[in-house]
Amino acid sequence: MVDYNKSAFYEIRSLVWQELQDAELFDEQNYYADGFTKPLIPIIPSQQIPEFNNLLPGMPYITYDITSRPYQQNWWISEEILILNIISTDALQIHSIINLLIDLFRRFDKSATDMNLYKELSSNFNYHYFMIENAASTQSFDNEGGFMVGEVSIMYGYSRNINMTTGKFL
């Protein structure tokens with residue numbers, strides 16, 4: 001039976017979170033909220049901004065939105081655009097994160113190779129390419145507290161394991 005809860009994005013999110021920590025741009029220890037036994041991952045859907053700000057006020061975080069691109073003749077390849085908004089009171093931190101994301105995802109098939117090596121062995125996804133669609137410098141954020149925002153849009157193509165007879169997801 002297909003698990004439709006699995007998404008290629010969650011593997012990408014996991015890689016981004018690990019890279020942010022490895023580059024010392026985020027510290028997992030700063031993301032323990034009261035009453036939680038595990039740290040929160042500060043890469044959240046844009047709809048969860050109020051909840052995140054209530055749990056960890058003043059902490060930098062990243063919001064995401066995902067758009068699926070139309071399927072082409074190669075219908076087994078899915079294309080999505082991931083829009084990441086980096087929100088922080090520190091402009092240098094925003095620029096550093098933008099630079100990290102550009103470095104990770106600008107290399108087309110080489111970025112996909114890195115992702116395929118990183119992902120868990122139980123993955124149903126095979127990444128073909130990544131590219132930077134857009135990167136926008138720091139702007140003011142529509143919120144109190146002196147927050148600023150930078151944006152990076154990443155387009156990626158992947159395929160999912162499919163049933164060879166029906167063409168449906170496995």
Side-chain angles (χ1 to χ4, degrees), residues 2-68 80-107 111-127 130 132-156 158 160:
V2 179
D3 183 354
Y4 289 109
N5 290 320
K6 290 190 178 188
S7 168
F9 164 71
Y10 291 118
E11 292 180 349
I12 297 166
R13 176 182 181 236
S14 178
L15 172 73
V16 169
W17 177 228
Q18 187 61 56
E19 292 286 340
L20 288 167
Q21 292 174 84
D22 291 349
E24 298 181 358
L25 294 170
F26 279 80
D27 183 351
E28 178 182 68
Q29 298 304 312
N30 293 334
Y31 291 92
Y32 279 94
D34 288 340
F36 289 77
T37 58
K38 293 182 178 180
L40 300 176
I41 297 174
I43 305 171
I44 61 171
S46 57
Q47 299 85 350
Q48 292 182 354
I49 291 173
E51 293 88 346
F52 192 86
N53 283 338
N54 288 337
L55 292 170
L56 294 167
M59 294 304 298
Y61 57 94
I62 298 171
T63 64
Y64 65 85
D65 284 303
I66 302 165
T67 303
S68 293
E80 295 176 344
I81 298 173
L82 170 62
I83 302 165
L84 298 171
N85 289 293
I86 303 107
I87 300 158
S88 175
T89 57
D90 183 348
L92 180 59
Q93 182 182 36
I94 293 171
H95 287 289
S96 297
I97 293 168
I98 289 171
N99 287 336
L100 172 96
L101 293 169
I102 289 170
D103 195 29
L104 284 174
F105 296 115
R106 67 182 164 79
R107 299 170 295 130
S111 295
T113 298
D114 288 350
M115 186 66 216
N116 286 324
L117 292 172
Y118 172 79
K119 67 184 185 181
E120 297 178 10
L121 296 176
S122 62
S123 174
N124 286 327
F125 304 99
N126 183 35
Y127 299 89
F130 287 85
I132 301 296
E133 271 228 328
N134 183 46
S137 184
T138 307
Q139 304 289 320
S140 61
F141 186 61
D142 296 333
N143 197 347
E144 296 176 12
F147 280 106
M148 295 169 275
V149 64
E151 180 182 292
V152 176
S153 297
I154 303 161
M155 187 167 83
Y156 55 98
Y158 66 93
R160 188 171 178 153

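Counting only residues at least two apart or in different chains, ring pair (Phe, Tyr, Trp, His ring centres under 6.0 Å) contacts with residues 32-54 comprise F52-Y61. Counting only residues at least two apart or on different chains, no ring pair (Phe, Tyr, Trp, His ring centres under 6.0 Å) pair has a member in residues 82-102.
With sequence neighbours excluded, the residues that form a ring pair (Phe, Tyr, Trp, His ring centres under 6.0 Å) with F130 are F105, Y127, Y156. By the side-chain hydrogen bond (donor to acceptor under 3.5 Å, both in side chains) test, S137 is found to be paired with no residue, residues two or more places apart in sequence or in another chain being considered. Qualifying side chain to side chain contact (heavy atoms under 4.5 Å, CB included) partners for D3, counting only residues two or more places apart in sequence or in other chains: N5, K6. Applying the salt bridge (Lys or Arg N to Asp or Glu O under 4.0 Å) test to D103 and every residue at least two apart in sequence or in another chain returns R106. Residues passing the side-chain hydrogen bond (donor to acceptor under 3.5 Å, both in side chains) test with Q93, sequence neighbours excluded: S88. Applying the side-chain hydrogen bond (donor to acceptor under 3.5 Å, both in side chains) rule to N116 yields the partners K119, N126; only residues at least two apart in sequence or on another chain are considered. M59 is linked by a side chain to side chain contact (heavy atoms under 4.5 Å, CB included) to N30, Y31, L56, counting only residues two or more places apart in sequence or in another chain. The side chain to side chain contact (heavy atoms under 4.5 Å, CB included) check on S153 picks up I81, I83, E133, N134, E151, with sequence neighbours excluded. Checked against side chain to side chain contact (heavy atoms under 4.5 Å, CB included), S7 has the following partners two or more places apart in sequence or in another chain: F9, Y10.
In plain terms, the two heavy atoms of T63 and I87 that are nearest each other are CG2-CD1, 3.8 Å. Of all heavy-atom pairs spanning S46 and D65, the tightest one is OG-OD1, 3.2 Å. For the pair S111 and L104, the tightest heavy-atom approach, listed with the atom from each and the gap, is OG-O, 2.6 Å. Contact record, A135 with I102: CB-CD1, 3.9 Å, taken as the closest heavy-atom pair.
For the residue pair S123 / E11, a side-chain donor-acceptor distance below 3.5 Å is found, with atom types taken as modelled.
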With a 3.5 Å cut-off and sequence neighbours excluded, list the donor-acceptor pairs that the side chains of residues 18-29 form with protein atoms.
residue : atom : partner : partner atom : Å
Q18     : NE2  : D22     : OD1          : 2.8
Q21     : NE2  : W17     : O            : 3.2
D27     : OD1  : Q29     : N            : 3.0

